[in-house]
Amino acid sequence: MAAMANARLLEARSGAQAGVDAALAVDLRRRLQLVLAALWLLDGVLQLQPYMFTQDFAFMTLKPVGEGAPGWVASPVDWTATLVQHHPVALNSVFALVQIALGVGIAWRSTVKAALTASIVWAGGVWFTGEGLGGLLSGDANPLTGAPGAALLYALLAVLLWPTERAEAFPAADRIGSRGAQAVWLMLWGLLAYLALLPANRGADVISQTVAGTDEGAPGWVVWLDDRASDLTAHHGLAWSVLLAVAFCLIALSVFAPWRRVVVGGLIAAFVLAGVMWVFGEGFGMPFQGMATDPNTGPLLALLGAAYWPVRSRRAAGGAA
Amino acid sequence: MNAPAWLTVLATVMVLAVAVFFVWRLAVAGGFNRVIEPETDLFYAAAGLALAGILARWMHLLPPGVWAAVFGCVTVWFVVRCVRAHRVGDRSARGRYGFDAAVAVVLVYMPLAGVAPSTLRGSTAGMVTMAGMPGMMVDTTEHAPALGLLLVLGVVGGAVVLLDRLSATGNLASERADTAVEAPIDRAAPSLPLLPRVAGACRVLLLIVIAYAILGKLV
């Protein structure tokens, strides 16, 4: 009798363990959502840095964003900066809490949709009033330094990683379909190519100076890396801009290729370029000055690329759909 | 660390509450006939106390070197447990001990890197850009800031994974309780953990405060 009872107990426990394992299993979409959650959580904690609670946050971070932008963009940016300048502690506390809540909400399974919706609204607001539309209308938006803006990519990722039962060839297509997702990719990387060729970005020493300007406060090895890259690109800004634009275009078109190898090659190139831009152009989001509000666009572009990774064959995806 | 005083106090009180919670769990689990992992609870109680001392001067209990040594030993302990769990094929225990070992490594870094209460009054925030100018006063920055950032990424990632697992297993809690009731269990043997979701939430809170403490002292 006791042996039977123990056997039933073991069986029940192993069944419960199997249930736990099944519940803990996560697919690629969920993994990417968790990375997005981690980025929001990181942003929230970055927002708790001492600098953010001072008026300097409004003066040195927010106000310059509107410079060069048309009045309808610059005015709201200026208004926001003035508001933050007058209430730095209260407003920054709200900013931090909202972003931490977004991270927690996306990580918590039953609140994913609500948190993603909120993140789209929040990122939209930040992109407009905190990033001045990523500088797109100022004429000097540089993809190397984070154009078209991290907030825009956060919103885009929230849409592409929306929970759904559909299964397309890659996670980004599950919600909006392959054509829609490919169009988004084309527009994003096409925009980066266009921005790389703007007159303000193709000067002889623009890239070199951009790279040299990201290492303030950084550890020695980062400064050393930046110095080498700065020397390499000095006086050859136009050539590097054209090279970057061509690479961006090829990446933009790669997702349309009918061959998996080409798609994967394009995505790997996207990861590499996102990494290069993050290290040399964005200085890892410049966290070493204690003034970073987010890790900038490099990690987000990589995350976006991961959402386009072909996890299923097109035929299988079509059958599943 | 020169964040607003109320924020530092709030964070300190929260990690102290976490420490008190894990001590309470250690004390009452037997009485409630519930399962806990004493070593893990003890570790998080100690982590809460250490973190409180890192955040606020009035909670300074032990020198940084002693805390580093303590958590160094804890790291070794959890690594050994993790390896043993791996050898017997217990994936759940392996993951749990691996996670705790990783948190312990971060707690070794913090006192050694100089993450500590500020030595200055008021805020020096934003002055880092002029740190090299004569007469400018900046707080002592932590050593190996790049490693600190890397650890912050790991800590934040760990918090998110923990939240995901908590939300996934939460729905199974009632099922597990039913299973435990239906099965003819030896009533004397404890089978259900004590407040597992609260314990998980406390760990998440601790991780967020760790990330905040490291970033706050980065410059």
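Here is the naming used below: chain letters follow the sequence lines, and residue numbers restart at 1 for every chain.
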Open item on the list: Counting only non-hydrogen atoms closer than 4.5 Å, does B:Leu162 touch chain A with its backbone (N, CA, C, O), its side chain (CB onward), both, or neither?
Closed with: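 It is neither, since no heavy atom gets under 4.5 Å.
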Can you give me the closest heavy-atom contact between [X] and [Y], atom names plus distance?
X        : Y        : answer
A:Ala107 : B:Ser167 : O-OG, 3.8 Å
B:Leu215 : A:Gln49  : O-OE1, 3.9 Å
A:Pro219 : B:Ala146 : CG-CB, 4.2 Å

TODO: Tell me, for A:Thr61 versus chain B, whether the close heavy atoms (under 4.5 Å) come from the side chain, the backbone, both or neither.
DONE: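 For A:Thr61, there is no contact with chain B at all, as no heavy atom is under 4.5 Å.
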- [ ] Let me know if A:Leu46 has heavy atoms under 4.5 Å from chain B in its side chain, its backbone, both or neither.
- [x] both
TODO: Kindly compute the distance separating CG (B:Leu153) from CG (A:Leu39), expressed to the nearest 0.5 Å.
DONE: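 Output value for this atom pair is 8.5 Å.
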Task: Beyond-backbone contact of A:Val45 with B:Val152, side-chain heavy atoms, under 4.5 angstrom - done: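 No, every pair of side-chain atoms sits at 4.5 Å or beyond.
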Open item on the list: If you define the side chain from C-beta out and look only at heavy atoms, does anything of A:Val104 sit under 4.5 Å from B:Leu163?
Closed with: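 A:Val104 vs B:Leu163: side chains touch.
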Open item on the list: Please rank A:Trp221, A:Phe59, A:Phe284, A:Trp108 by heavy-atom pairs under 4.5 Å with chain B and give me the top one.
Closed with: A:Trp108
- [ ] Evaluate the criterion side-chain contact (heavy atoms from CB on, under 4.5 Å) for residue pair B:Val160 and A:Leu41; output intermediate values, then yes/no.
- [x] CA-CA 8 Å; B:Val160 164; A:Leu41 195 54; 3.9 Å; yes
Task: B:Arg84, CZ atom: more than 12 neighbouring heavy atoms under 6.0 Å - done: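 Open.
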